[in-house]
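Below is one structure, written out as structure tokens; the observations come after it.
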There are 2 protein chains.
Amino acid sequence: MSAEPKRRAQLVEATIAEIGDVGSLNVTVSRIAKRAGMSSALAFHYFGDKEQIFLAAMRYILTVYGAEVRGALVTADGPRQRVEALIRASFSSANFRREAIAAWLNFYVLAQTSEGARRLLRIYRRRLHSNLVHGLRPLAGDVAPGVAQRIAGLIDGLYLRHALDPEGDGQTAAALVFHALDAELRTLR
Amino acid sequence: MSAEPKRRAQLVEATIAEIGDVGSLNVTVSRIAKRAGMSSALAFHYFGDKEQIFLAAMRYILTVYGAEVRGALVTADGPRQRVEALIRASFSSANFRREAIAAWLNFYVLAQTSEGARRLLRIYRRRLHSNLVHGLRPLAGDVAPGVAQRIAGLIDGLYLRHALDPEGDGQTAAALVFHALDAELRTLR
DNA sequence: GATTATTGATTGACGAGTCAATAAACGACG
DNA sequence: CGTCGTTTATTGACTCGTCAATCAATAATC
């Protein structure tokens, strides 16, 4: 079998780990490659340049997160459960691993200058929004999109806050979102 | 008069401008210094190393933001107006200038690894929280701190969202927060 | 035999931080 | 007032390190 997929995967994982260690995108391809057990030349051979490596890592993070969400949704029963599952998944302990935090923060930075990163970020946001709307529709009707916008913003903001100064675990943050959701929904009656 | 304060100010402003141009902390002291009209050696002379320059820039950003908030508060009449002023200030057009966005995003990144940056961020957050609680107390009583936490989170999250993908101007975002605030407060009766 | 995998060595550029040296400004003091 | 020793301002040149990207060459694999 061709070595390419395995090598790419190794590099992506090493990239995320490395960004987690360093805390910024100031990671060298050499260190990534060494961590992945190969020469830097091979990394360039497969990815072309550094930005492509970063984008692949970002794609991977989003894929994992997406899978997590999907997994949480299957066990959810009814709209309210679905929404809560989405929220809980966003604050899963996986997302609070040091590497995951570093990845997200740096991808935000990257999104300023890299069209590719911006596109990926939009995908994440659209997916979250659409998932939320889907769950909220039966609960909030026409205003579901507006509610979803606010809940999504709250998720991002609280993630940011807890990522950089953990006051309690992720579930504390999730509880805050639940509370806001209650407030939003109660307004509707 | 000593040249030091002027030089420091020039460097701080050049730093913010440069970070805005580059989008990351990958800015060189040489470029900053050149932009500020002096040699890089002088920058090192006054600040010691690069991190101190960054921290000074961050402090400056927070100072300006703080002044903006205070200015908005004096014209505010009554608790509700105070809270709205805080929210509006957070989404002021000044905060959406390219350099300001770049500064904030990168300071989040820096906060992962720099104790100094983390401390400054905590100051910003505490100040926002305390301002919100102060305004909310007459409106929400005992639960003011909880409401403030959620509003603060929403502010950060919506800022992040609009900073990287402006759908409408800052006031659109502010309106979303107002809406959430309404929902929170209406729940209390 | 041709495509794929892999690397060591190298290039060329850049960048943080230092240093010694020069120029200004600043008192103090006669 | 002048001048002189001292602190402050300022820089060019330099060091030492690093790093992205390339390339030619060698080993596998098909």
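It should be emphasised that the depicted structure is a prediction, and the values quoted were computed from it without experimental measurement. Side chains are part of it too, since the values below use all heavy atoms of this structure and drop only hydrogens, waters and symmetry mates. Chain letters run A, B, ... following the sequence lines, proteins first and then strands; every chain starts at 1.
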- [ ] Find the distance A/Ile53:CD1 to D/dA20:P and express it as a whole number of Å.
- [x] 9 Å

- [ ] Measure from the side chain of A/Ser39, starting at C-beta and using heavy atoms only, and say which of D/dA20, D/dA9, C/dT7 lies closest.
- [x] C/dT7

Task: Rounded distance in Å - CZ (B/Arg31) to P (C/dA16) - done: 11 Å

Open item on the list: Quick check: closest heavy atoms across B/Arg118 and A/Leu164, and the distance to 0.1 Å?
Closed with: CD-O, 3.9 Å

TODO: Please report, rounded to the nearest Å, how far the C1' atom of C/dG15 is from the NZ atom of B/Lys34.
DONE: 14 Å

Task: Whole angstrom value for the distance that separates C1' of D/dA24 from NE2 of A/His45 - done: 14 Å

- [ ] Please report, rounded to the nearest Å, how far the C1' atom of C/dT4 is from the CZ atom of A/Arg8.
- [x] 14 Å

TODO: Figure out the CG/C1' separation between A/Leu42 and D/dA27, and round it to whole Å.
DONE: 13 Å

Open item on the list: Quick check: on DNA chain D, is the nucleotide nearest A/Asn26 upstream (toward 5') of the one nearest B/Gly37, or the reverse? Name the residue that is more 5'.
Closed with: B/Gly37

TODO: Identify the heavy atoms of A/Ala94 and A/Glu68 that sit nearest to each other, and give their distance.
DONE: CB-OE2, 3.6 Å

Open item on the list: Taking the six-membered ring for Trp, are A/Trp104 and A/Tyr124 closer than 6.0 Å centroid to centroid?
Closed with: yes

- [ ] Kindly point out which of D/dT22, D/dT11, C/dG17 is positioned nearest to the side chain of A/Phe44?
- [x] D/dT22

Task: Ring center gap for A/Phe54 and A/Phe107 short of 6.0 angstrom - done: no

Open item on the list: For C/dT4 and A/Tyr46 - does any side-chain N or O of the residue sit under 4.0 Å from the phosphate oxygens OP1/OP2?
Closed with: no

- [ ] Would you sort out whether A/Ser92 and A/Tyr65 count as a side chain to side chain donor-acceptor pair (under 3.5 Å), showing the intermediate values?
- [x] CA-CA 10 Å; A/Ser92 78; A/Tyr65 168 78; over 6 Å; no

Task: Among D/dC19, C/dT6, C/dT18, the nucleotide that comes nearest once only the side chain of B/Ala41 is considered - done: C/dT18

TODO: Would you indicate which nucleotide in D/dA9, C/dA5, C/dG17 comes nearest to any side-chain atom of B/Lys50?
DONE: C/dG17

Open item on the list: Just the rounded figure in Å: distance from C1' of C/dA5 to CG of A/Leu11.
Closed with: 13 Å

Open item on the list: Please determine whether a side-chain nitrogen or oxygen atom of B/Arg7 lies at a distance below 4.0 Å from atom OP1 or OP2 of D/dT10.
Closed with: yes

TODO: Look at the side chain of A/Thr28 and decide which nucleotide, out of D/dC19, C/dT6, D/dA21, has an atom nearest to it.
DONE: D/dC19

Task: Interatomic distance, A/Met38 CE vs D/dA28 P [rounded to whole Å] - done: 17 Å

